[in-house]
Structure formats: C-alpha cells, structure tokens
Amino acid sequence: MQVIEAMSMGRGDVFDSRCPARGVLDHVTSKWAVLVLVGLRAGPLRYSALRRAIGGVSEKMLAQTLRTLETDGFVHREVAPTTPPQVTYGLTGLGQEVTVHLAGLLEWIDTHIPDVQQARADRAAGDVSAH
C-alpha cells in the first residue's frame with residue numbers, strides 16, 4: 001500500500017520506509033518502552049517507583065523513554081505543585097490500548113522462555129534440526 005493511500009485512509013504502512021508509523025513502532029517496541037508501558041498498566045507511578053520496578057534502567061534512559069512516550073501520546077505526566085514537585089506518570093487511553101498488546105507479548109515471552117533457551121542451547125550444540 002502506498003504511504004499516501006494509507007495515510008488518506010487514516011492508517012500507516014509500516015512496511016514502507018517513508019511511513020511515520022515506523023518511528024512509532026521503534027518507540028513502542030524498544031525494550032525500555034515496553035517495560036515502562038506495561039509497568040504503568042496497573043496505574044500511575046512516580047518516577048522513582050517506576051525506576052525501581054524496572055530493573056537495570058538508568059535514570060537517563062528512563063527519562064528519555066518517558067519523554068518519547070509522552071510526546072507520542074502514550075504517557076501523561078502530572079506535576080503536583082509541591083516542594084519539591086512530585087511527578088507522576090500514567091497511561092493515556094492510547095497507552096492503555098497499546099499496552100494490552102505489549103502485555104500479551106511479555107506474557108508469551110515469559111511462558112516460552114524455556115523453549116527459546118532450549119533452541120539456543122540446541123543451536124550452540126550444533127543441533128539445529130531439533131526444532
């Protein structure tokens with residue numbers, strides 16, 4: 001499908017390198033974005049609580065990921081007028097919608113990690129015909 005045709009129908013064509021949907025795909029499917037979005041699924045969290053929930057994410061990467069997701073309309077940022085300001089992040093309607101799919105992906109990965117690990121072990125052992 002041509003990008004112009006797809007956009008006139010209100011859709012993108014992620015298979016076309018010129019389609020703006022490619023950027024959204026990149027943003028939503030990055031490791032940290034998936035973990036942030038699914039981490040916010042149960043409800044809004046303060047920055048520090050979100051960072052504790054996502055093991056291994058640096059402050060810089062979390063801030064950058066939140067900024068990108070906010071710009072794309074998946075996350076909203078609320079600043080309480082306190083000293084110091086308390087910042088809370090939550091999902092928008094768009095964020096809630098995409099997170100349903102991402103949570104399913106994470107559940108699938110968690111369920112099938114033994115299969116993936118076995119495939120890796122088989123490959124390392126030279127037995128690629130096992131699967």
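Since the structure is predicted, the reported quantities are computational estimates derived from the model, not experimental observations.
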Rounded to the nearest 0.5 Å, what separates atom [atom1] in [X] from atom [atom2] in [Y]?
| X | Y | atom1 | atom2 | value |
| --- | --- | --- | --- | --- |
| Leu69 | Gln64 | CG | CD | 10.5 Å |
| Ile54 | Leu40 | CD1 | CG | 7.0 Å |
| Arg52 | Tyr47 | CZ | OH | 11.5 Å |
| Ser30 | Met61 | OG | CE | 8.0 Å |
| Arg46 | Arg51 | CZ | CZ | 14.5 Å |

Has Gln96 got more than 12 heavy atoms of other residues, nucleotides or ligands less than 6.0 Å from its CD? yes
Decide yes or no for [X] and [Y]: does some side-chain heavy atom of the first lie under 4.5 Å from some side-chain heavy atom of the second?
| X | Y | value |
| --- | --- | --- |
| Ser17 | Arg22 | yes |
| Tyr89 | Leu66 | yes |
| His76 | Glu70 | no |
| Trp32 | Leu62 | no |
| Val75 | Thr68 | no |
| Gln86 | Val79 | no |
| Val100 | Arg41 | yes |
| Glu78 | Val87 | no |

Would Leu25 end up clustered with Val36 when hydrophobic side chains under 4.5 Å apart are linked, directly or stepwise?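 Different clusters: Leu25 never reaches Val36 through Ile, Leu, Val, Met, Phe, Trp or Tyr contacts under 4.5 Å.
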Are Val14 and Val24 linked, directly or through other ILVMFWY residues, by side chains that come within less than 4.5 angstrom of each other?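 In one cluster: no.
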Between [X] and [Y], what is the shortest heavy-atom contact and its length?
| X | Y | value |
| --- | --- | --- |
| Leu37 | Leu102 | CD1-CD1, 3.5 Å |
| Gly12 | Cys19 | CA-SG, 3.6 Å |
| Leu45 | Leu50 | CD1-CD1, 3.9 Å |

Residues Leu35, Leu106; criterion side chain to side chain contact (heavy atoms under 4.5 Å, CB included); working and verdict: CA-CA 9 Å; Leu35 295 173; Leu106 289 186; 4.3 Å; yes
Under a 3.5 Å distance rule, please check whether Asp72 uses its side chain to pair with a backbone N or O of Phe74 as donor and acceptor. no
